[in-house]
Amino acid sequence: MRRIFSISSLLNKGSIQRRVSNKYLINAIRPYSEDLSSPKSPGPLLQYRKLVEQGRLQHDPYQERVALALENLLGRLEQYEKEMEDYHIKLAEWEKNRETERRKLLMEEAELNQRGDLWTSVNKRKSELLERWSFRRKSEDIEPGVGKWVSYLNREKKLDSLVGRRPTAPPAPKGLYIYGNVGSGKTMLMDMFYSATEGIVKHRQRFHFHEAMLKINEAMHKLWKNQVEEKSIQSSISSWIMNLPFDMKAKEWLAAEERYKQEVQMKNILPAVADKFLVDRQAGERGASILCFDEIQAVDVFAIVALSGIVSRLLSTGTVLVSTSNRAPKDLNQDGMQREIFLKFVNKLEKHCEIILVGSEVDYRRQIAQRSVDKVHYFWPLDGTALKEFEKMWCQVINQAGGEVTSSTVRVMFGRTLEVPQSCNGVARFTFDYLCGRPVGAADYIAVAKSHHTVFVSDIPVMSMRIRDKARRFITLIDELYNHHCCLFCSAATSIDDLFQGTEEGTLFDLESFQFETETEGAKLRRDVLAEGSVSSGGAPAGITSMLSGQEEMFAFRRAVSRLIEMQTPLYLEGVRSLHPYFQRKHQSFKNCSYCASTVHHQ
């Protein structure tokens with residue numbers, strides 16, 4: 001049975017005394033000593049070397065090489081940020097002028113239409129066949145919408161001659177695609193870089209794979225829902241059209257042309273999602289964009305199609321990508337799904353990113369855990385002694401947290417909620433079956449992780465192929481708790497190393513485990529996207545019996561085991577108070593209150 005580790009310093013003081021042998025050092029976890037409130041963090045290379053000098057990291061040439069590459073990228077970002085600010089100023093001016101000219105053209109056409117002269121003017125530019133189609137509505141042998149499409153293209157060509165082509169974005173610095181074995185330090189190095197970009201780049205986001213996929217799915221759903229909403233002509237006519245000195249027939253024509261323009265722009269939904277994926281740029285918020293993407297995977301057709309569309313669009317519009325994965329780009333798609341789309345995605349990655357290997361074979365998480373004085377937070381087996389210690393720890397943490405234990409609910413997405421059976425001031429308790437034995441998934445786990453800095457999970461069984469859906473959910477749960485830097489307590493049937501007892505009978509995969517959920521009314525959306533990748537109408541890939549190879553499963557198992565081991569270490573726990581969203585919100589709230597008090601005092 002594992003010994004108990006007090007977390008009073010975590011909850012009350014915000015730090016935990018290190019109990020680590022200097023002889024065996026950690027290179028894979030996120031041991032940030034920098035104050036997040038400081039205006040500018042040091043670069044990743046300086047952070048790395050400082051931690052090595054302090055004895056908190058063991059020097060690794062592979063890691064230092066990655067830190068150097070990230071440092072060089074950081075050095076190019078400041079100038080790129082300025083270039084992108086200038087570019088977005090020019091782009092905003094161009095878009096404003098183009099919209100002004102476009103409305104002028106529409107008004108001229110509407111005026112001609114109102115006078116009955118429009119089709120005479122059109123006849124000079126269009127074929128006789130198109131003119132007959134326009135007068136006689138739609139001939140059966142002509143595809144509906146051809147007339148509007150031709151008008152739209154002609155209008156766009158005119159605008160190009162009047163306003164000029166879209167300004168060209170400055171060349172972006174090459175990002176990094178970092179790959180390597182479990183526990184080799186990929187995420188640690190990427191997070192060092194991400195923290196260092198604060199104050200340099202305005203638009204910066206960090207996503208884990210599950211969170212990114214859910215965000216993409218949610219954005220797609222919203223766009224699709226807006227498209228299918230039926231509105232009356234009056235409510236859909238823009239205010240600028242209603243104020244024009246035309247009759248209603250001309251206004252309706254203008255409104256129809258506006259709607260058609262929007263439909264054309266929304267034909268490919270993924271670029272539209274990508275344009276809002278990082279930021280919805282507004283005046284005064286222009287500049288470069290950074291996307292840090294942890295654990296890129298190609299687990300199914302949806303992931304391949306969505307990642308290809310989103311990431312390709314972001315890279316094409318100047319976003320700098322820094323990502324991690326267990327595999328080289330060309331090896332992501334082991335099952336050969338949607339090969340053509342996948343190869344385009346890989347080519348785009350290789351063009352815009354430096355592909356760099358963290359070649360160490362050492363799992364540093366395991367190394368530090370083996371040499372720590374205490375093995376903490378994981379209690380096994382499920383016998384009287386271990387369960388008694390687990391309950392004792394629950395009582396101790398609740399007493400430190402203060403307050404009353406009650407049930408609560410957390411908001412998930414699409415209006416859904418998840419009930420938390422036992423909750424108290426950022427501490428939550430669940431059974432394994434409650435979190436992993438029901439049709440819940442990444443969205444639910446993200447909601448739990450964001451809302452609770454400490455999570456207790458009891459009665460974890462040995463996982464085999466017989467409960468593979470539960471095993472996949474448990475792996476996803478660990479990913480999200482780790483990604484949000486939660487403090488985790490477990491009671492389990494066996495040790496961490498023996499937790500996953502996979503066999504050869506099939507693959508450990510279940511579509512529910514990834515939970516790209518939508519509302520019932522929106523279920524068609526994901527099927528439509530998947531249809532581009534030869535997917536059956538039920539949402540499951542046609543003819544594909546295995547979505548994840550055995551090797552993919554082993555990556556997932558090793559990652560979960562490695563993270564479970566790290567989450568017990570004192571060094572990991574040091575970061576909970578500074579890195580978890582619960583404490584970051586409190587810190588921001590305190591800063592806001594201090595600012596208000598200072599302002600009132602000054603006045």
Side-chain angles (χ1 to χ4, degrees), residues 24-31 48 57-58 60-67 176-192 206-210 292-299 322-334 355-372 375 378 442 463 471-486 488 490 495-502 507-509 513-514 548-569 571-572 575:
Y24 299 96
L25 307 171
I26 181 71
N27 286 60
I29 68 175
R30 296 170 278 182
Y48 179 79
L57 291 182
Q58 175 183 318
D60 184 301
Y62 294 105
Q63 291 180 352
E64 187 170 45
R65 177 180 167 227
V66 175
L176 263 75
Y177 181 99
I178 308 165
Y179 73 101
N181 290 323
V182 169
S184 59
K186 305 181 297 295
T187 299
M188 175 193 74
L189 293 163
M190 184 189 73
D191 285 346
M192 285 180 176
R206 182 206 184 278
F207 293 113
H208 184 267
F209 171 78
H210 299 304
C292 289
F293 200 137
D294 194 25
E295 300 288 352
I296 281 187
Q297 304 171 43
V299 295
V322 175
S323 62
T324 71
S325 181
N326 289 321
R327 294 186 179 278
K330 67 181 187 307
D331 296 328
L332 284 171
N333 185 11
Q334 293 289 302
I355 313 300
I356 188 166
L357 169 68
V358 184
S360 176
E361 296 293 330
V362 179
D363 183 344
Y364 288 104
R365 295 185 183 119
R366 182 178 294 276
Q367 189 180 90
I368 188 62
Q370 289 172 345
R371 305 303 172 179
S372 295
K375 304 292 185 181
Y378 189 91
M463 277 163 272
R472 288 301 306 177
R473 291 191 187 106
F474 183 70
I475 290 170
T476 303
L477 171 65
I478 297 304
D479 279 343
E480 293 311 326
L481 294 177
Y482 177 87
N483 188 51
H484 290 85
H485 217 103
C486 294
L488 174 65
C490 301
S495 66
I496 293 176
D497 284 324
D498 295 328
L499 200 55
F500 298 101
Q501 299 289 337
T507 57
L508 191 61
F509 179 80
S513 64
F514 289 96
L548 290 180
S549 66
Q551 196 170 10
E552 288 290 347
E553 292 160 15
M554 291 310 299
F555 272 132
F557 294 157
R558 286 202 299 266
R559 184 177 71 244
V561 167
S562 180
R563 288 179 169 179
L564 275 171
I565 289 171
E566 179 188 338
M567 292 170 82
Q568 300 180 73
T569 61
L571 204 52
Y572 171 89

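- By the side-chain contact (heavy atoms from CB on, under 4.5 Å) test, Asn326 is found to be paired with Val182, Lys186, Glu295, Phe555, Arg559, residues two or more places apart in sequence or in another chain being considered.
- Looking at Asp498 and Ser495, their side chains do bring a donor and an acceptor atom within 3.5 Å of each other.
- The shortest side-chain heavy-atom distance between Val358 and Met188 does not fall under the 4.5 Å cut-off.
- Aromatic ring orientation, Phe500 versus Phe557: parallel (interplanar angle below 30°, classes split at 30° and 60°).
- Atom CG of Leu564 and atom CG of Asp497 lie 10.0 Å apart (nearest 0.5 Å).
- Gln63 places a side-chain N or O within donor-acceptor distance of the main-chain N or O of Ser184, the cut-off being under 3.5 Å.
- In this structure, Thr476 contributes its side chain and Ala442 its backbone to no donor-acceptor pair below 3.5 Å.
- In this structure, CG on Leu477 lies 7.5 Å from CG on Leu488, to the nearest 0.5 angstrom.
- When side chains are defined from C-beta on, His208 does not count as touching His484, because their heavy atoms never get closer than 4.5 Å.
- The nearest pair of heavy atoms linking Tyr179 to Ala328 is CD1-N, 3.5 Å.
- Between atom CD1 of residue Ile496 and atom CD1 of residue Ile565 there is a gap of 5.0 Å, rounded to the nearest 0.5 Å.
- Distance OG1/Thr324 to CZ/Phe209: 12.0 Å, rounded to 0.5 Å.
- Nearest heavy atom pair, residue Asp60 against residue Tyr48, reads N-OH, 2.9 Å.
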**Report entry** side-chain contact (heavy atoms from CB on, under 4.5 Å) between Thr187 and Arg563, intermediate numbers included
**Finding:** CA-CA 11 Å; Thr187 299; Arg563 288 179 169 179; 4.1 Å; yes

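- Between Asn483 and Phe207 the shortest side-chain heavy-atom distance does not fall below 4.5 Å.
- In this structure, Ser323 OG and Ile178 CD1 are separated by 7.0 Å, a value rounded to the nearest 0.5 Å.
- Looking at Leu357 and Tyr62, their side chains never come closer than 4.5 Å, going by heavy atoms from C-beta outward.
- Distance alone, capped at 3.5 Å, is enough to place a donor-acceptor pair between the Tyr572 side chain and the Cys486 backbone.
- In plain terms, the two heavy atoms of Gly183 and Ser562 that are nearest each other are CA-OG, 4.1 Å.
- The structure places SG of Cys490 at 5.5 Å from CD1 of Ile478, a figure rounded to the nearest 0.5 Å.
- When all heavy atoms are compared, the tightest approach of Met190 to Cys292 is SD-CB, 3.9 Å.
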